[in-house]
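What follows is a short report on a single structure.
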Amino acid sequence: MTSLTTDLSRTVGDVFAAEGLDAAFGAVQVSDRPDLAQFQCNGALGAAKAAKANPRAIAEKIAARLKSDVRFAKVEIAGPGFINLDLTDAALNARIAAPERAAEANGKTALIDFGGYNVAKPLHVGHLRSTIIGDCLQRLFRADGWKVIGDVHLGDWGLQMGQLISEVEIRGIAPVYFDAAFKGPYPEQSPVTMEDLEELYPAASAACKADPARLEAARRATQQLQDGRPGYRALWQHFVKVSEVGLARETASLGVRFDLWNGESTVHDLMAPMLEDLKARGFAQMDEGALVLPVAEPDDKKPMPPLLLVKSDGGVLYGTTDMATVVERVRDYDPDLILYVVDHRQHGHFEQVFRAARKTGIAGKAELEHAGFGTINGPDGKPFKTRAGGVMKLHDLITMAVTEAKVRLAEQGLGEDYSPEEHETIARQIALATIKFADLSNHRTTDYIFDLERFSKFEGKTGPYLQYAAVRIQSILRKAQGEGHVPCTPAIHSPEERALVLQLLSLGDAMQAAEQKRAPNILCDYAFTLAQNFSRFYAAHHILSESDAALRASRLGLCARVLAVMAGTLDILGIAVPERM
RNA sequence: GAACCCGUAGCUCAGCUGGAUAGAGCAUCGGAUUUCUAAUCCGGCGGUCGCAGGUUCAAGUCCUGCCGGGUUCGCCA
């Protein structure tokens with residue numbers, strides 16, 4: 001369903017056009033001053049500037065034409081030339097009565113890259129944002145009619161793999177994979193568990209940092225792995241499988257689903273032909289022993305180093321796999337947009353890759369975009385750590401949030417009579433809402449301080465507060481059903497209802513803005529404002545005890561619409577609404 | 001050293017291509033309501049939008065400089 005302001009913009013735009021002005025000046029938005037009007041159009045100011053005319057005079061002409069439209073209860077000119085508009089309740093009622101339709105398929109494909117998960121490494125707070133923000137964006141794009149392909153894009157092919165392999169070799173954990181005389185087949189059972197990997201990788205990484213010989217061994221192992229040494233490939237397969245099972249379990253517990261579990265290794269076979277092609281077409285060249293692709297442009301304000309494709313030792317880098325991944329995605333999906341939801345500190349890297357992809361034409365019609373995000377900091381304003389100073393694992397963070405949710409429930413004296421299973425389910429749902437809403441309600445690009453105590457509060461701008469608002473409406477509707485009251489199409493009878501209807505009707509604006517700016521915080525604001533409007537309505541009017549049957553049915557209908565919109569918005573945010581709380 | 005991001009109320013944060021009196025939550029103070037789950041509603045207090053210039057009818061928003069914080073700058077990802 002097109003948003004109300006879009007329709008109003010068309011109406012007002014036609015009037016601008018009728019006055020010989022650009023219809024784009026007719027853009028209508030929800031008013032910044034709700035005390036003065038419901039909607040406003042600032043176009044007269046812009047039109048006046050363009051035409052070097054008096055803004056109020058233009059506004060007068062526009063307003064005169066708009067006044068003949070019966071949908072408007074008020075058309076006023078204010079200040080330097082704002083056009084303030086109110087719709088009649090009849091117009092609002094008609095609008096809210098129209099059934100909410102899902103967006104039609106727009107024929108466009110978006111590929112969302114959640115890049116950042118790595119084989120052998122558990123998820124930590126750093127992965128929280130790419131997962132939560134990326135999931136929200138994929139839900140949002142889908143809701144708007146895009147075909148969306150979410151790809152975890154696993155880090156499974158770099159030096160870290162070589163580090164692991166050489167660590168396993170040194171420890172003598174599974175000698176068969178290192179026996180050059182062994183002809184296979186290799187064991188089906190993995191020689192290591194996820195827990196082993198979580199211990200092996202940091203050890204290997206630290207050893208390589210401390211000892212150049214170890215680093216060299218790791219490099220060699222990486223190279224041999226990529227060249228296809230059978231034992232290494234077999235061992236690596238185990239690493240990947242074990243890791244994927246662990247990662248899938250964790251992301252599933254977050255309620256996040258991916259379409260593809262591709263990794264850097266997926267494109268390995270595409271790299272050699274791609275590199276040949278880039279060399280043949282003169283884009284790639286040798287420099288200081290490495291193969292590079294220059295991406296600097298004359299008007300650059302900062303030095304832009306070339307994209308490194310092949311190191312002087314013959315190994316490839318993540319820029320190479322990123323390029324090959326673009327080739328693969330264009331070949332398989334021909335997307336209109338590839339969105340990389342990755343920490344903003346990698347901005348420079350993506351700038352290089354995007355330039356290289358555009359310059360060489362490998363991106364096809366796809367727009368490449370980096371939706372970067374800031375870091376999650378602890379109370380001290382520094383990157384979030386455990387009390388012991390280590391990296392905070394995602395699993396531990398969720399456990400903390402579940403514990404906190406139970407504390408909150410106990411504080412409110414809630415859930416004591418629920419079964420242990422239901423109590424646990426509700427606590428988990430609250431915990432995820434706490435974490436997700438906290439993350440999404442902060443602007444994507446800024447760093448924020450993770451304050452679990454504040455985020456988990458049941459009052460204020462929090463996830464649990466929104467869940468509660470939805471739960472309370474569910475409760476009313478259930479009770480109404482029990483009493484045999486049937487909701488009907490809502491109509492406005494009071495200022496509180498009018499404000500609530502206006503908020504319901506601005507859903508499209510919020511979704512559109514959130515999508516265009518890749519900014520989930522806009523949806524969070526929308527949901528919170530909706531909950532506030534509902535609370536005002538709820539405080540001012542009785543619903544079930546209303547004796548006028550028609551009024552009661554209308555208010556129940558309004559409740560049903562609010563619940564539908566709230567649940568739908570929370571769903572896009574990846575937040576579930578519990579049956580009860 | 002260079003480039004990019006940030007600096008808004010006591011705290012945590014919004015503020016769209018420049019537009020009307022800069023907003024929200026928390027905290028604090030006061031009031032309502034004793035409820036359809038109070039996890040509520042209404043109101044007060046609180047800001048020279050880092051500083052100084054500039055463009056404009058209009059600047060938190062655009063430009064320049066400075067101060068303060070963060071990040072990044074070819075063989076890790």
Side-chain angles (χ1 to χ4, degrees), chain A residues 27 29 31-33 35-36 40 42 45-46 48-49 55 78-82 84 115-116 118 155 157-160 163 205 208-209 215 264 287-292 300-313 315-319 321-322 342-349 351-352 372 374-375 377 381 408 411-414 438 441-443 445-449 451 454-455 457-462 464-465 467-469 471-473 475-477 479-480 496 509 513 516-517 519 521-522 524-525 528-529 532 535-546 559 580-581:
Chain A
Q29 55 184 280
S31 178
D32 294 330
R33 295 283 306 273
D35 53 318
L36 298 181
Q40 67 185 69
N42 300 347
L45 298 165
K49 189 167 195 170
F82 301 107
N84 286 335
N118 288 297
W157 207 233
L159 178 66
Q160 50 195 333
Q163 291 177 321
S205 179
C208 288
K209 222 171 236 175
L215 183 61
E264 295 170 335
D287 187 34
E288 296 176 28
L291 185 71
V292 303
D300 281 340
K301 288 204 287 193
K302 57 180 173 180
M304 178 60 73
L307 182 69
L308 258 166
L309 294 169
V310 183
K311 293 187 287 183
S312 41
D313 69 1
V316 294
L317 291 141
Y318 75 137
T321 54
D322 277 351
V342 180
D343 192 314
H344 67 16
R345 283 174 292 196
Q346 295 200 32
H347 185 77
H349 165 71
E351 179 71 30
Q352 285 182 296
T375 55
N377 293 333
R408 299 291 179 201
E411 277 173 8
Q412 304 295 337
L414 289 173
S441 62
N442 280 288
H443 188 90
T445 59
T446 52
D447 303 342
Y448 73 93
I449 292 176
D451 181 346
R454 183 162 65 81
F455 295 158
K457 285 243 170 74
F458 283 4
E459 62 269 326
K461 194 173 176 179
T462 68
Y465 167 81
Q467 285 180 313
Y468 171 69
V471 164
R472 188 162 55 173
I473 301 171
S475 166
I476 293 169
L477 291 171
K479 208 167 264 187
E496 292 81 13
D509 293 331
Q516 274 169 5
K517 299 170 69 183
N521 66 304
I522 292 173
C524 292
D525 273 342
F528 182 67
T529 305
Q532 279 184 317
S535 286
R536 284 190 194 114
F537 160 73
Y538 180 80
H541 305 294
H542 272 249
I543 300 164
L544 295 172
S545 59
E546 173 56 53
C559 287
R580 55 177 183 167
M581 285 170 80

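Note that the coordinates shown come from a computational prediction; the quantities given were computed from them, not determined experimentally. Convention: sequence-line order gives letters A, B, ...; per-chain numbering from 1. Below, each value reflects all heavy atoms present in this structure, side chains not excepted, and no hydrogens, waters or symmetry copies.
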For a 4.5 angstrom cut-off between non-hydrogen side-chain atoms, does [X] reach [Y]?
X	Y	result
A/T462	A/Y468	no
A/E411	A/F458	no
A/F82	A/L36	no
A/V342	A/H349	no

Using the [atom1] atom on both, measure [N] against [M] and round to a whole Å.
N	M	atom1	answer
B/C67	B/G43	C1'	40 Å
B/C42	B/C57	C1'	39 Å
B/C49	B/A9	P	10 Å
B/C26	B/U40	P	8 Å
B/G53	B/U17	C1'	25 Å
B/U28	B/C11	P	16 Å
B/A22	B/A3	C1'	31 Å
B/G70	B/A27	P	30 Å

Can you tell me if the side-chain N/O atoms of [X] get under 4.0 Å from OP1 or OP2 in [N]?
X	N	value
A/R454	B/G25	no
A/Q532	B/G25	yes
A/S535	B/U40	no
A/T446	B/A14	yes

I want to verify a distance call: between [options], whose nearest atom is closest to the [X] side chain?
X	options	value
A/R536	B/C42, B/A24, B/U40	B/C42
A/K461	B/G25, B/G15, B/C13	B/G25
A/N521	B/U37, B/C42, B/A14	B/A14

Between [X] ([atom1]) and [N] ([atom2]), how many Å, whole number?
X	N	atom1	atom2	result
A/I543	B/U40	CD1	P	16 Å
A/D509	B/U17	CG	C1'	16 Å
A/D451	B/G10	CG	P	19 Å
A/D32	B/G23	CG	C1'	11 Å
A/L544	B/U37	CG	C1'	13 Å
A/E459	B/U37	CD	P	19 Å
A/Q516	B/C16	CD	C1'	9 Å
A/H347	B/C4	NE2	P	10 Å

So [X], base contact, sugar-phosphate only, or nothing? Heavy-atom distance under 4.0 Å.
X	value
A/M304	nothing
A/G79	nothing
A/I522	nothing
A/H443	sugar-phosphate
A/I449	sugar-phosphate
A/Y538	base
A/F82	base
A/N84	base

Residue met sooner reading RNA chain B from 5', once A/K457 and A/A78 are mapped to nucleotides: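 Looking at the nearest nucleotide for each, A/A78 comes out on the 5' side.
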
Residue whose closest nucleotide on RNA chain B lies nearer the 5' end, A/K479 versus A/G46: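 Looking at RNA chain B, the more 5' nearest nucleotide goes with A/G46.
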
Protein-nucleic acid N or O pairs under 3.5 Å, nucleotides 57-64 of chain B:
unit_1: B/A58; atom_1: N6; unit_2: A/K49; atom_2: NZ; d: 2.9

Closest contact, heavy atoms only, [X] versus [Y]:
X	Y	value
A/G319	A/L307	CA-CD1, 4.1 Å
A/F537	A/C559	CE2-SG, 4.1 Å
A/N442	A/N521	O-CB, 3.9 Å
A/G155	A/N118	CA-OD1, 3.4 Å
A/V471	A/R580	CG1-CA, 3.8 Å

All side chain to side chain contact (heavy atoms under 4.5 Å, CB included) counterparts of A/D525, not counting sequence neighbours: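 Listed in chain order: A/K461.
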
All side chain to side chain contact (heavy atoms under 4.5 Å, CB included) counterparts of A/D447, not counting sequence neighbours: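 Applying side chain to side chain contact (heavy atoms under 4.5 Å, CB included) to A/D447 gives A/H344, A/T375, A/N377.
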
Salt bridge (charged side-chain N to carboxylate O under 4.0 Å, His left out) against A/E351, all qualifying residues, sequence neighbours excluded: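 Testing A/E351 for salt bridge (charged side-chain N to carboxylate O under 4.0 Å, His left out), a comparison that skips the adjacent residues, returns A/R355.
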
Under 3.5 Å donor-acceptor, A/T446 side chain and A/H443 backbone: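 The answer is yes, because a donor-acceptor pair under 3.5 Å joins these two groups.
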
Side-chain donor or acceptor of A/Q352 paired with backbone N/O of A/P305 under 3.5 Å: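 Yes: the side chain of A/Q352 pairs with the backbone of A/P305.
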
Chi angles and distances behind the side chain to side chain contact (heavy atoms under 4.5 Å, CB included) call for A/D509, A/Q29: CA-CA 9 Å; A/D509 293 331; A/Q29 55 184 280; over 6 Å; no

Under 4.0 Å protein heavy-atom contact, by nucleotide of nucleotides 70-77 of chain B - B base, S sugar-phosphate only: -SS-BBSB

Paired stretches of RNA chain B - 3 or more consecutive Watson-Crick or G-U pairs, each distance under 3.5 Å: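 Looking at RNA chain B, the stems formed by three or more consecutive pairs are B:1-7 with B:67-73, B:10-13 with B:23-26, B:28-32 with B:40-44, B:50-54 with B:62-66.
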
